[in-house]
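Fair warning: this is a prediction, and the values are worked out from it, not measured in the lab. We're numbering straight along the sequence, starting at 1.
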Amino acid sequence: MKKVTITSFTLLIFFNISYTFSQTKNSDIESTTEYFHQRNEAVSLVKNKKWQESISILEKLTKDYENDPDLFYLLGLSYYQIEQYQNAITALKKTLDLGGTILRGIPTGSAPSNDIMIKIAKAYAKDNDKNNTILWLQKGFASRYDEKPFLKSSSTFKNFNEDEDFLELFGDNNQTDITREKTWTKDISYLEKRINELHYSPYHGISKTELSKEILKLKTNIVSLSDEQIIVELMKIIGSLGNGHNLIIPTSPNKGALKKLPVQFYQFNDGLFIVDAEKGFEQWIGYKVELIENTPIEIALQKTNSVNARDNDMQTLWLGPYYLGLPDVLKGLEIVKNSNQVILTLSDVKGKSQKVTMNPVVWSFSDFPKMPKLKDNEQPIFLSKTENPYWSKLIRENNSIYVQFNAVTQKKTQSLKDFNIELRSQISKNNTQNLILDLRHNHGGNGSILTPMLKTIINFEVMNPNGKIFVLIGRETFSAAQNLLTDITKYTNPIIVGEPSGSKPNHIGEAGWFKLPYSGLTGLISTQFHQTSKAEDNRKWIAPHIPVSLSSTDYFNGNDKAFNIILEVIKSNKN
């Protein structure tokens with residue numbers, strides 16, 4: 001027995017060695033320096049869209065060395081651009097065989113493997129190869145490709161626009177003579193399919209059995225429900241998935257689009273208040289909401305959790321007031337009986353209360369509402385430029401710089417990278433000793449562009465060992481902003497001020513789109529797990545070192561308590 005075991009073990013080593021060598025062939029390069037220079041030149045040529053020139057270099061490089069997926073990726077994109085689709089397919093498949101790439105900033109390309117699969121499908125479509133087009137679209141969708149709805153109308157697939165197999169991928173069989181009940185049944189079934197296609201972990205918040213049960217129940221009740229009620233029930237199904245990147249856009253459907261109340265609510269530490277209003281309802285700004293019909297606000301907020309797929313309870317404070325502004329949701333949560341008339345019990349600053357009836361208005365969802373600017377008072381610093389994705393201000397009397405980062409995106413006038421280069425220059429030039437980063441309005445964006453901001457924070461601490469980093473956070477510090485916050489706490493020693501963050505250090509994030517074929521209802525499903533912190537980090541949020549929440553009095557008087565406390569800390573340290 002021992003001899004057989006040894007022989008088997010020897011054979012196993014032999015096969016593993018053979019396999020390893022087969023995977024790393026052509027690994028020796030005669031002139032590594034020349035290879036490096038040519039590699040850099042090829043990347044530069046692709047970035048400048050000089051496709052034909054890049055191909056001549058990339059063909060040689062990939063022949064000399066077959067282990068770099070970046071080069072096959074660039075070669076595949078270059079072939080695609082000059083319409084050599086079969087060569088593009090071969091190179092892009094090789095990229096996938098090597099595990100894909102993380103190259104970013106490449107024109108006409110996107111790094112994730114599922115994007116490469118869709119690029120291969122497009123190449124097959126250009127060659128009018130239907131079977132392989134469908135196959136690679138299926139591969140991409142099964143790998144959680146996040147922009148599926150936008151492919152259906154793409155000119156790349158125009159030859160398949162009437163093809164049943166192609167339309168079936170999008171839940172559409174091109175039927176026109178179909179009953180309302182059947183259209184909603186098909187839409188609900190397609191949503192279930194998209195949840196399973198997209199979600200990183202669809203059954204961590206609800207079991208597969210329970211989810212199927214809720215979907216079947218909704219299909220059974222279609223006849224007795226209005227379109228608006230069906231959408232609210234779908235919001236409950238999305239809400240049951242249990243993490244914050246799942247949502248339905250309620251104004252997107254062709255039928256049953258939800259209306260909203262003509263006011264905006266915000267939950268302060270002393271209650272729910274009206275902070276903004278449509279024309280004709282401005283007189284109610286500043287009033288406290290005591291009841292929605294007969295339901296106290298505390299209970300109403302908790303009820304919104306059934307439609308609010310959230311990472312933690314801070315999202316109840318952030319998005320709960322948004323859902324309380326949708327009358328059909330209020331009806332679906334049994335807070336009101338009539339969605340066409342909502343009775344609010346409001347109280348003024350003296351505590352005098354009155355009942356006010358409000359009718360819903362038509363609107364268009366563009367984003368979750370932010371805390372609005374003040375109507376009458378001078379704006380405090382944290383409300384002064386909320387529409388600006390990133391900006392800074394020197395506070396010379398405190399030897400500080402205030403940086404407000406409101407959205408993880410690129411401005412047309414100045415990239416995030418250039419902004420941070422300028423920021424570092426300002427800090428160095430002024431010998432700034434206190435960096436205040438405000439993330440309170442930032443609910444994320446393109447996380448792949450965060451590096452320059454993180455470098456600035458790290459560089460500040462390295463160059464200013466006696467300086468202080470303050471980070472202002474709150475319920476809306478979410479998604480990519482949460483990732484930045486987590487990284488800052490990992491690599492530097494900041495003082496965190498404000499409320500707990502709106503997400504977890506490790507969370508299910510990203511967002512893939514769905515669009516239901518008949519109703520047109522659109523929304524987002526979580527697609528990726530972000531392990532920004534260590535594996536055993538199970539915190540629900542990042543908690544502040546200096547807890548500060550905002551009262552309605554401070555808000556309406558333009559008093560930024562959290563920012564003022566930071567200035568007090570800086571002053572006390574100086575003294």
TODO: May I ask you to decide whether K540 forms a salt bridge with D313, counting only side-chain N to carboxylate O separations under 4.0 Å?
DONE: no
- [ ] Could you tell me whether E197 and K148 have a side-chain N and a carboxylate O separated by less than 4.0 Å?
- [x] yes
Open item on the list: For F166 and F157, I'd like to know if the aromatic rings sit close, meaning centre-to-centre distance below 6.0 Å.
Closed with: yes
Open item on the list: Under a 4.0 Å threshold between the charged nitrogen and the carboxylate oxygen, would D68 count as salt-bridged to R39?
Closed with: yes
Open item on the list: Between the side chains of K186 and D172, is the shortest nitrogen-to-carboxylate-oxygen separation below 4.0 Å, so that they form an ion pair?
Closed with: no
TODO: Kindly give the heavy-atom pair with the smallest separation between Q426 and S392, and that separation in Å.
DONE: OE1-OG, 3.4 Å
TODO: Before accepting this row, confirm whether a basic side-chain N of the pair D64/K60 lies closer than 4.0 Å to the acidic partner's carboxylate O.
DONE: yes
Task: N/O donor-acceptor pair under 3.5 Å between H204 side chain and S201 backbone - done: yes
Task: Backbone N/O of A91 and side chain of T95: donor-acceptor pair under 3.5 Å - done: yes
Task: Donor-acceptor contact present, side-chain T456 to main-chain P452, <3.5 Å - done: yes
Task: Aromatic ring pairing F368/F365, orientation class (parallel under 30°, perpendicular over 60°, tilted between) - done: perpendicular
TODO: Mind checking side-chain contact (heavy atoms from CB on, under 4.5 Å) for K490 and listing every partner two or more places apart, or none if nothing turns up?
DONE: D487
Open item on the list: Before we go on, tell me: are the rings of H245 and F478 under 6.0 Å apart, centre to centre?
Closed with: yes
- [ ] Give a yes or no answer on whether the side chain of N506 reaches the backbone of T532 with a donor-acceptor pair at less than 3.5 Å.
- [x] yes
- [ ] Would you check if the distance from the ring center of Y85 to the ring center of Y80 is below 6.0 Å?
- [x] yes
Task: Plane angle bin for F405 and Y390 - parallel if under 30°, tilted between 30 and 60°, otherwise perpendicular - done: perpendicular
Task: Between W391 and Y402, ring centroids under 6.0 Å - done: yes
Open item on the list: Taking T489's backbone N and O only, do any of them form a donor-acceptor pair with T492's side chain (distance below 3.5 Å, no angle check)?
Closed with: no
Open item on the list: Checking E387 against K370 for the salt bridge (charged side-chain N to carboxylate O under 4.0 Å, His left out) test, could you report, in this order, the C-alpha distance in whole Å, the side-chain angles of both residues, the deciding distance, and whether it holds?
Closed with: CA-CA 10 Å; E387 71 287 348; K370 288 181 175 287; over 6 Å; no
Open item on the list: Going by side-chain contact (heavy atoms from CB on, under 4.5 Å), L135 matches just one of N131, N132, T133. Which one?
Closed with: N132
Open item on the list: Under a 3.5 Å distance rule, please check whether T477 uses its side chain to pair with a backbone N or O of L439 as donor and acceptor.
Closed with: yes
